[in-house]
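The next block holds one structure in the form of structure tokens; read it before the comments.
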Amino acid sequence: MKLISLAVRRPGIVWVSALMSCLLILRLLTPRSSLLLTLLDFPDQLNEGISGVRSTGIDFESLLRMDRDTFPFCRRGLVVMILVTSAPWHAARRAAIRQTWANKHPDRSDHPWQVLFLIGQRQEDGVSEDIQREQRAFGDVLVGNYADSYRNLTLKVMHGLRWAAEHCQPRFVLKTDDDCFVNTDYLPRFLAEFGGVETGLYAGSLFAAGKRQVIRDPVSKWYVSREDFREDEYPPYASGVGYVLSADVVLRILKAAETVPPVPMEDAYVGILAKEAGVPVMLSGRFTKNNVNWRVCNYRYLLVIHHLGVPELKVAQENMIKARTACSRTKEIRSWK
Ligand SMILES: *[C@@H]1O[C@H](CO)[C@@H](O)[C@H](O)[C@H]1NC(C)=O
């Protein structure tokens, strides 16, 4: 009896294993880049990658190699994830940001948003005790597997974008720096209600054509070789003080980053990737330098203000709070311009 039933089952087993082998071969033949898009619903499989594929772009597998215990908190259903490039030794700036614009107003949670500070490791001793303590206390620090240095800023931003896309899947990402003020009263509401752009969005403050030359002086901290970038001028790109990307653009940029060699200026690199992915950059006056003339009602328009010290962050915060009630008769400007 036993022998017969085994023989009957065997053809089934043969068919199943044939099907499994086909699936395996198909998966091995799929290029890494499209895996990112197809596997986004299965984040755990993302990190497997396929070894032996030579790539001149960003090595995401290596960047993402971190202990899961150190992962920050991540909220689902976010309108916007705010990624703030910081450095291990900028604890005071992070503290000031947590007390000002990153401090959530309880009545304003209808458009969820979240702040993540992007930090690398100390060259010798990995993730420092201080950073681990900060991470445990606030859950808003994302440490990547790269050495924190100026020339590694590009790795920092790519790691942050990739981690956010994989773990949080926000509708938009704002990338900014730790010397900036983000109008968190207005930004999530603007993106969700007024902005009117859900896909293909890459917006910020742009550099003029004459100010995008590639620096070929090897001693400069912005030096880029001709092998890494052939042209003499970068394509139009948004300044790293603040730019907004829609979720689809984040994915298209990450895909391009797998093959395009990085340059040390993260914002220029995002411009190169956007061009490669066919995403045009949009100029917006809502990203600007700090100016003593910004008044309360400007906080119903501005999204990111840069170059602020800690005392100025507090002034900006007070103005943002006043703008909640003042200026309500000011006409809402709905365009990105
Ligand atoms: C960038 O990070 C990588 C990985 O940690 C490291 O090997 C490299 O030395 C860093 N580069 C600089 C210029 O710090």
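Start at 1 and go down the list; that is how both ligands and their atoms are numbered. The basis for the numbers below is simple: all heavy atoms, side chains too, and nothing from hydrogens, waters or symmetry mates. No experiment lies behind these values; they were computed from the predicted model shown.
Under 4.0 Å is where a charged nitrogen must lie from a carboxylate oxygen, and between Arg94 and Asp140 no such pair does. Using a cut-off of 4.0 Å between Lys/Arg side-chain N and Asp/Glu carboxylate O, Arg171 and Glu198 are scored as salt-bridged.
Partner Tyr234 forms a ring-ring contact (aromatic ring centres under 6.0 Å, His included) with one of Phe207, Trp222, Phe229 and no other, that one being Phe229.
Taking distance alone, with nitrogen or oxygen atoms compared against 3.5 Å, Asn152 approaches ligand 1 more closely than that limit. Considering backbone and side-chain atoms alike, Leu155 places every N or O at 3.5 Å or more from each N or O of ligand 1. Geometrically, ligand 1 and Ser149 share a nitrogen or oxygen pair separated by less than 3.5 Å.
For ligand 1 and Tyr146, the ligand atoms under 4.0 Å from any heavy atom of the residue are 4 (C), 5 (O).
Between the side chains of Glu312 and His307, no donor-acceptor pair of N or O atoms lies under 3.5 Å.
Atom 9 (O) of ligand 1 is not flagged as protein-proximal [any protein heavy atom, distance under 4.0 Å].
Around atom 5 (O) of ligand 1, the closest heavy atom drawn from Ala147, Gly144, Ser62 belongs to Ala147.
Pairing each heavy atom of Trp113 with each of Pro188, the nearest pair is CD1-CG, 3.4 Å.
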